[in-house]
Amino acid sequence: MAADNETIAAVFDELADLHEIEGDNPFRVRAYRNAARTLRGLGREAAQLLAAGEDLTRLPGIGRELAAKIAEIVATGTCAALERARARVPHGLVELLHVPGLGPVRVRTLHRALGIDSPEALAEAARAGRLRALPGFGERLEARILEALQARLDQARRFPLHKVEPVVARLLAYLRHTPGVARVEPAGSFRRRRDTVGDLDVLAVAADGAAVGDRLAAWEETAEVLSRGPTRASIVHRDGIQVDLRVVPLESFGAAWHYFTGAKAHNIAVRRMGQARGLKINEYGVFRGGERIAGVDEASVYAAVALPWIPPELREDRGELEAARQGALPRLVERADLRGDLHCHTTASDGRDDLEAMARAAQARGLEYLAITEHSRRLRIARGLDERGLLRHFTAIDELNARLEGITLLKGVEVDILEDGRLDLPDRVLERCEVVVAAVHSAFGLDAGRQTRRILRALDHPLVHVLAHPTGRLLGRRPPYAVDLAAVIRRAARNGVWLELNANPWRLDLDDVHCRMARDEGARIALSSDAHAAAELDHLRHGIDQARRGWLEARDVVNTRPLEALRPLLAARR
DNA sequence: ACGCCTGTGCGTGCCTATCTTCTGATAGG
């Protein structure tokens, strides 16, 4: 199958690294990195655009050369320019570039002066004390490099958002109890609610920045202090994540929060808009000449460039500034918009709570309906139900519904999509279900062609309402299976099948980019908890985070509808 | 390498803090 956007972006990133190490024109390096970024945020497969005969040079930052390379990579998986560059530059140097503290200048120095071309050789030289004498190096850097190599900190690690939430909560509570600290807020990708975060950014308002830095360094969960100055400090948390603290005076709070929230590309775009108006925007405020004209809150920063405030989840420079300028920002879906949940399990298959516990938990969370969707027979490990088991379960649901008030359980199933795309239960059973959720739980390793055909076949089944967790990924544990998601989204839109945004914080697929693609293609989203216990109904809020990053409004999410409006939609598939 | 303007060229996404260092390199959004 044709190379996907991630593959193309990876080629461009590597080209950027290689050219940077060679000391090539920095603008060329940036062009490669920009192109990689454009592709990752594109929301449509470049291969598809090419197949449709579209002109890729209309994409920002893609010109004749890069468009030709994209076509080459789509066809062959690589490109001649990459192979040539790889032949010129020892492979290990690219790895060296990703060691903290090393950039292109120092990597070149290492290679030229000492012949170092791999992390192993670097570690050996550092241990022998041969780095400190090099220009641009010193004893401290030598020690830090050795440490980074030994701790394998050179491997970029990202943490699932929900794993760092408790750390952030404890950190904020701790810093807020510091004398002289008026305010402490999270920023960075945590505030933008990305599904994974690389580090934690925290902003504090205080007159004495060094004192706040000292306080962070003294935190009982601090494992190591990386740097400390009068306005910023960085530490490594005992769980391995880096925490960056920034301290500003009150009048700069909004400008600093905006700066520290990013994304970087969004900041640059806003600052450019400022430039065009003769303004200078930095983390201390918005300045005309030497005069501060805005910055106490975020809204004032945006207002200085004639924009409304933009929700952090949208700040990726993926069109939000243009939308804001036109007054066309989406009205993002909120947790309170959800009226029901279309995917959960009970003790009847692999859940931990029974029907009644799940029903009451859903009601307590303000939901009006909950679809009970046990696994089907094929999924033995989850004690999947066969026809008899499922119909007996439906009887229990009917009985419970007769007793319950204020919450309605819907009779459903999460039916396995078999390797050939058929479903794990016969139609006569599926016809008895009010909600049919179909999902892949096996044969993750199929090639993209077969996996895509398999899923498309399931989407063509007239009794399927929802495609659950469309990529099967588990953050940091299991990559998405190979599937042409653009084709899946188009077929779902055409057939009126809903795509799930699985709110389990390890899954969160569809991801942000594909949620937006679905919206643009006219496919609807079912935002579901996939709860295997009553408490996991709280996972819905993680799904909301991702949905907002995907520009989704309440109307794009089917389970924002009240039950009486949903029932006809469900019935329409019958 | 892009993109704009032009005519085979030229300028090129922002701005600041800290350290590794010494007038720069790296890192951060």
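From a predicted model like this one, the values you see are computed outputs, not experimental measurements. Numbers restart at 1 for each chain; the letters A, B, ... are given by sequence-line order, proteins then strands.
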Nucleic acid contacts - residues 133-143 of chain A versus DNA chain B, non-hydrogen atoms under 4.0 Å: Gly136(A), Phe137(A), Gly138(A), Glu139(A), Arg140(A), Leu141(A)
Atom CZ of Arg88(A) with >12 non-hydrogen neighbours under 6.0 angstrom: yes
Distance in angstrom units between Gln275(A) CD and dC14(B) P, rounded: 5 Å
Whole-Å gap separating C1' (dA1(B)) and CG (Leu82(A)): 16 Å
Greater than 12 external heavy atoms within 6.0 Å of Glu124(A)'s CD: no
Interatomic distance, Leu66(A) CG vs dG3(B) C1' [rounded to whole Å]: 12 Å
Side-chain N or O of Tyr284(A) closer than 4.0 Å to phosphate OP1/OP2 of dA17(B): yes
More than 12 heavy atoms of other groups within 6.0 Å of Arg292(A) CZ: yes
Whether Phe12(A) and Tyr32(A) hold their rings parallel, tilted or perpendicular, with breakpoints at 30° and 60°: tilted
C1' spacing across the pair dT8(B) / dG3(B), given as an integer number of angstrom: 16 Å
Residue from Arg192(A), Arg191(A), His266(A) passing side-chain hydrogen bond (donor to acceptor under 3.5 Å, both in side chains) with Thr261(A): Arg191(A)
Salt bridge Arg335(A)-Asp538(A), side-chain N to carboxylate O under 4.0 Å: no
Test: Arg193(A) cationic atom under 6.0 Å from Phe190(A) six-membered ring centre, within 45° of axis: yes
C1' gap between dT26(B) and dT21(B), integer Å: 10 Å
Trp257(A) six-ring face occupied by Arg183(A) cation (under 6.0 Å, within 45°): yes
His237(A) and Trp219(A) aromatic ring geometry - parallel, tilted or perpendicular at 30°/60° bounds: tilted
C1' atoms of dA17(B) and dT23(B), separation to the nearest Å: 16 Å
Integer-rounded Å distance: dC14(B) C1' and Phe287(A) CZ: 14 Å
Ser227(A) side-chain proximity, nearest of dA17(B), dC19(B), dC14(B): dC19(B)
Atom-to-atom span, CD of Glu65(A) to C1' of dG3(B) - whole angstrom: 13 Å
Pairwise P distance for dA27(B) and dT20(B), with rounding to whole Å: 12 Å
Nucleotides 24-29 of chain B: protein proximity per nucleotide (B base, S sugar-phosphate only, - neither; heavy atom, under 4.0 Å): -SSSBB
Whole-Å distance separating the CZ atom of Arg277(A) from the P atom of dC14(B): 17 Å
Note: Glu147(A)-Arg144(A) ion pair, threshold 4.0 Å (strictly below): no
Spacing of the P atoms in dG11(B) and dC5(B) (rounded, Å): 15 Å
Rounded distance (Å) that lies between atom C1' of dG3(B) and atom CD1 of Ile62(A): 13 Å
Between C1' of dG3(B) and CG of Leu56(A), the distance in whole Å: 17 Å
